[in-house]
Amino acid sequence: MSRPLVADIDLDALRHNYCHARAQAPGSHALAVIKADAYGHGSVACARALEALPAAERPPAFAVASLEEAETLREGGIRSPILLLEGIFEAAELEAVEALSLWMAVHSEWQLEALLAYRPARPIPVWLKVDSGMHRLGFPVEAVPQVWARLAAAPDQATGLHLMSHFATADAADPGECRRQLVRMQALAEALSAPLCLANSPATLAWPEAHGAWVRPGVMLYGSDPLEVPNSASRALQPVMTLRSRIIAMREISPGEAVGYGRRWVAARPSRIATVACGYGDGYDRHAVDGTPTLVAGQRVPLAGKVSMDMLTVDVTDVAEADIGSEVVLWGRAADGTVLFIDEVARHCDTISYTLLTGVLPRVPRRYHGGFD
Ligand SMILES: *Cc1c(COP(=O)(O)O)cnc(C)c1O
């Protein structure tokens, strides 16, 4: 028997979540953000599943963070447009941008100069990135009209101009600062008659005013709820990844005995402890506290003791049927349909779903289901 830990990827759930994103923003196009290997789910498999949607429902374009990520998609046979969210990292990449028919963000003066000095056979679609308040990437709002004018005056280099900006606090219940960012961007878009793209997952789910011509959902496609306060739209998301393993050892311990490194968890009653094949060497977060939920036989079972590299331990005292070989779901959907949302696990690890999903390490085999009709 081989090690039982796998990441099951439900491509039908991915398609459901993408269609759900589109339904939240019916007047907008929806870029599918599949950077970071589709948040750890496998970018080629995810892109193929989304490209296989009927023409009216499939993503008009994908978005990634680097040329290498775009190359992987092209090598995997993905033909749809792909936007480089941060554009190029050096001028020499422009040849590949052209050869692979990519769209590029332009966020800095040096990128603008490099593009305007380049002589492509066909102009490159450009999404001008604006710093509307997050202060991470993009041109200052005041500089945008002039940059826009220079791009518009270079039809051999740039085509299909769009305006893009990113919200710093779209997941928060109070949209105060987001609103200031939105007002700045709407004024620019109106002045330049430019198509606008602002909304990440939380804004796609909770803020129709911010939808604009394009939305850019990422984490919601994978079934994580990005909202501080869930709403009816976010509750309809389906988990795409299920991280599942099995119990590989069982023992009974007496009150006062401890489990694992540092004796962090101490039994308060006669306890049955199950050892599970999954650890931080697989990407399960070592910051998980005692009580972090898992699912065993459809029941919620708490982590008991520090996570080790290859194993973790859970307290199955209250689950009589738990035994060697029993399935354990670390996050996702159990065989009986019970769901343990990754957002809940992330809260117990003092982190966000994004780091758990992108942190699942290569030694965990991905197993794909559905997605191809
Ligand atoms: C990652 C990313 C997104 C997607 O964000 P989510 O919070 O995952 O929806 C959107 N836009 C940009 C520029 C990004 O880098």
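Order of appearance sets the numbers: ligands from 1, and atoms from 1 within every ligand. Just so you know, residue 1 is the first one in the sequence shown, and it goes up from there.
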| field | Proximity to ligand 1 by part of His166, non-hydrogen separation under 4.0 Å | value | side chain

| message | What I want to know is whether Lys129 and ligand 1 share at least one N or O pair that is separated by under 3.5 angstrom. | response | no

| task | Could you tell me which atoms of ligand 1, counted from 1 in the order shown, lie closer than 4.0 angstrom to a heavy atom of Tyr354? | result | 6 (P), 7 (O), 8 (O)

| Any N/O pair Val219/ligand 1 closer than 3.5 Å | yes

| task | Answer side chain, backbone, both or neither: which part of Met220 comes under 4.0 Å from ligand 1, heavy atoms only. | result | neither

| field | Polar contact flag, side-chain donor to acceptor under 3.5 angstrom, Glu95-Tyr118 | value | no

| Evaluation steps, salt bridge (Lys or Arg N to Asp or Glu O under 4.0 Å), between Glu344 and Arg300 | CA-CA 12 Å; Glu344 193 183 346; Arg300 294 165 66 92; 2.3 Å; yes

| task | Using distance alone, decide if ligand 1 has a nitrogen or oxygen within less than 3.5 Å of any nitrogen or oxygen in Tyr39. | result | yes

| task | Answer yes or no: is there a donor N or O on one side and an acceptor on the other, between the side chain of Asp285 and the main chain of His287, under 3.5 Å? | result | yes

| query | Is there a salt bridge (Lys or Arg N to Asp or Glu O under 4.0 Å) between Arg272 and Asp315 once you walk through the steps? | reply | CA-CA 6 Å; Arg272 293 174 74 231; Asp315 174 7; over 6 Å; no

| request: Could you list the atoms of ligand 1 found under 4.0 angstrom from a heavy atom of Lys35? | output: 1 (C), 2 (C), 3 (C), 14 (C), 15 (O)

| Ring-ring centroid check Tyr222 His41, cutoff 6.0 Å | yes

| request: Pick whichever of Cys197, Ala65, Ser201, Ser224 has a heavy atom sitting closest to atom 9 (O) of ligand 1. | output: Ser201

| query | Can you find a pair of side-chain heavy atoms, one from Pro365 and one from Leu5, that are under 4.5 Å apart? | reply | no

| Minimum-distance protein heavy atom relative to atom 10 (C) of ligand 1 | Arg216 NE, 3.4 Å

| query | If we only count N/O pairs under 3.5 Å, is Gly218 in contact with ligand 1? | reply | yes

| Does the side chain of Asp8 pick up a donor-acceptor pair with the side chain of His369 at under 3.5 Å? | yes

